[in-house]
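Here's the structure, in structure tokens; my notes come after.
The first residue of the sequence shown is numbered 1, and numbering continues consecutively from there.
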Amino acid sequence: MGNAVIFLIFVLILAAAGAALWYFFMKVRYRTAKSNEALVITGPKLGDTEKETNIFTDDEGRSMKIIRGGGYRLRMFQTSTPVNLTSFQLKLTTPRVYTNGGVPIVADAVAMVKVADTLKGIANYAEQFLGKKQEEIEVEITEVLGSNLRAILSKMTVEEINGDREGFNKQVTEIAQKQLDEMGFKITSLGLTDLRDSDAKNGYLDNLGRPRIAEVRKQAEIAEADSERETRIHKAKTDQEAREEEYKREIATAESKKAKDLKDAAIKEETERARAKSEQSYELERAKLAKEVKEAELILVSREKEEQLRIHQLERERLVTLEVEETKIRKAKADADFYETTKRAEAEAQKAQIDGAAKARIVREAGLAEAEVVLKKGEAEAKARQLLAEAIEEHGDVIITEKIIEMLPLLAEKIAQPLNNVDSIKIIQTGSESGIPSVSKGVTDTMLGIQDPLKELTGIDVASLLKDFASKGKRVETAPAPINQMTETIKEENK
């Protein structure tokens, strides 16, 4: 199995190599003729002349194959040569030639020539000109055409040549083409471009038309004189008729002007009337249009209001729908919260029931301890009040006086408290009072003003107490000692 695969691969490689060799062989041997070319194939085995019409054989039996617009594969020992069929231009200038009549002239001509596209023409060209340069070929053809051109010029008069150039070109082409057929070329066009005297002093061609020119000039002058006389007569007659026509025209113009003025006045009157009527109609039409516009605006406003009401109604319906939906959501949420709260309360109740016993025991023990503390504290407070009562009973006026004196700074601070909220004070000096001391004096006056209401409410005369306290300075200084000691004792017991 493996050997068969290897053999198959070897065969395929050989086949591919053979195909590649065959392709390169065909590419090297195959020739293609372009549209402006012909291939001349020479060599053995060109083909059967009876079946293939592109094989040319001369009288001596020599053959060549002409390929046009196609391709050909060269056989062994065959060669191909391309032939260019493109036309080329030749400019011809003859030397001095004497025409029939002995007039020396020089002629210029232009000819377009190409290789003949017939089988025999290409064969003749290939036999005679293959391998030659284009310049050499053009020189030979120019010599042939120039000799024929000179021959035709010598047989014709200058008048014949100049009068029938087309016939002259035709004769030259017919005679020269016979010789070019043997060379394998074809004249596509030939034309005489210029004909002039070989010597400018002769002036034959210039004088050739002078008699005719003189005759024509004479007839032209006679005709011009007759025309001028007739012109003057006609002009005089025309001037008279013109003056008469001018008079008639002036009269007609005056009458026309009069008729025109009358007609213009009538037209102006009619125009003014029509304009007034048009303006009135315009005003009526404008009022009508304004009314229609107003009605249309009212209709639009009404429709806009209806649309707004409809939109408002739709908005209210949407809000009601949203409210219903939100109510449903709130109800569902409330149900869920109620369920959650119920479960939580049940759990908390169960937990509270469990924790209740421990807390009750703790509270009960704490209550017993707190009751004992309160009892001790009550006993201490009762003792303190008893001692305070005894002290007040013995030294009441001194204690009260001391407390009032302690309260006076606090009272002054409270009275002056509003001054803390004041950012700045402007003091205007009137001359009767000092500026800044008047502020503190106001606080003192306020404190003095409180004595009378306090005396009426409580029966305490602050001024008398202060005077007594001041007159009994020594007694007051010694008396508070036991009171202070008692106060400290009460504070210690309260702790």
Side-chain angles (χ1 to χ4, degrees), residues 18-19 21-90 92 109-152 169-191:
L21 291 174
W22 175 255
Y23 172 76
F24 285 112
F25 175 76
M26 293 295 294
K27 188 170 182 63
V28 170
R29 302 295 295 174
Y30 196 80
R31 298 290 184 273
T32 302
K34 298 179 181 179
S35 60
N36 63 336
E37 286 183 347
L39 289 178
V40 178
I41 309 300
T42 57
K45 298 180 181 180
L46 295 175
D48 190 356
T49 57
E50 295 181 356
K51 296 181 179 179
E52 300 183 36
T53 58
N54 60 343
I55 298 176
F56 174 78
T57 304
D58 60 8
D59 296 337
E60 296 180 1
R62 291 173 298 187
S63 301
M64 64 179 68
K65 179 178 285 189
I66 311 298
I67 305 298
R68 290 287 309 278
Y72 181 78
R73 181 177 63 84
L74 298 176
R75 294 185 176 90
M76 191 67 67
F77 303 114
Q78 289 183 348
T79 59
S80 66
T81 306
V83 176
N84 191 353
L85 302 180
T86 306
S87 63
F88 52 92
Q89 185 185 76
L90 297 175
L92 308 173
V110 175
M112 295 296 297
V113 182
K114 66 182 292 294
V115 177
D117 51 4
T118 62
L119 192 65
K120 183 179 179 180
I122 295 173
N124 290 337
Y125 169 82
E127 183 178 355
Q128 300 177 51
F129 295 98
L130 274 182
K132 287 188 177 182
K133 296 180 180 180
Q134 182 67 21
E135 292 81 2
E136 297 175 354
I137 295 172
E138 291 180 0
V139 169
E140 293 185 16
I141 297 173
T142 300
E143 290 295 333
V144 173
L145 292 176
S147 63
N148 286 279
L149 184 62
R150 292 192 296 273
I152 300 299
N169 295 334
K170 186 177 181 181
Q171 288 185 40
V172 175
T173 301
E174 289 177 353
I175 294 173
Q177 185 62 56
K178 292 179 182 179
Q179 298 178 7
L180 292 179
D181 286 341
E182 299 299 326
M183 299 169 64
F185 289 97
K186 177 182 178 182
I187 300 174
T188 57
S189 67
L190 186 145

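- The backbone N or O of Ile67 lies less than 3.5 Å from no partner atom in the side chain of Glu37, so there is not a single donor-acceptor pair.
- Under the side-chain hydrogen bond (donor to acceptor under 3.5 Å, both in side chains) criterion, Glu138 pairs with Gln134, not counting sequence neighbours.
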Distance-only check: which donor-acceptor pairs under 3.5 Å involve side-chain atoms of residues 112-128, not counting sequence neighbours?
from   : atom 1 : to     : atom 2 : distance (Å)
Thr118 : OG1    : Gly121 : N      : 3.0
Asn124 : ND2    : Lys120 : O      : 3.3
Asn124 : ND2    : Asp181 : O      : 3.4
Gln128 : NE2    : Glu182 : O      : 2.5

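- Among residues two or more places apart in sequence or in another chain, the side-chain hydrogen bond (donor to acceptor under 3.5 Å, both in side chains) test is passed with Thr42 by Thr79.
- Contacts of Asn148 classified as side-chain contact (heavy atoms from CB on, under 4.5 Å), with partners at least two apart in sequence or in another chain: Val144, Ile175, Ala176, Gln179.
- Under a 3.5 Å cut-off, the side chain of Gln78 and the backbone N or O of Pro44 do form a donor-acceptor pair.
- Among residues two or more places apart in sequence or in another chain, the salt bridge (Lys or Arg N to Asp or Glu O under 4.0 Å) test is passed with Glu140 by Lys132.
- Partners of Lys186 according to the side-chain hydrogen bond (donor to acceptor under 3.5 Å, both in side chains) rule, which considers only residues two or more places apart in sequence or in another chain, do not exist here.
- Ser63 meets the side-chain contact (heavy atoms from CB on, under 4.5 Å) test with Leu46, Ile55, Thr57; sequence neighbours excluded.
- By the side-chain contact (heavy atoms from CB on, under 4.5 Å) test, Lys133 is found to be paired with Glu135, Glu136, residues two or more places apart in sequence or in another chain being considered.
- When the side-chain contact (heavy atoms from CB on, under 4.5 Å) test is applied to Thr86, the partners found at least two apart in sequence or on another chain are Asn36, Asn84.
- Residues satisfying the side-chain hydrogen bond (donor to acceptor under 3.5 Å, both in side chains) criterion with Ser87, sequence neighbours excluded, are absent altogether.
- Of the possible polar contacts, one joining the Gln177 side chain to the Ile187 backbone as a donor-acceptor pair under 3.5 Å is found.
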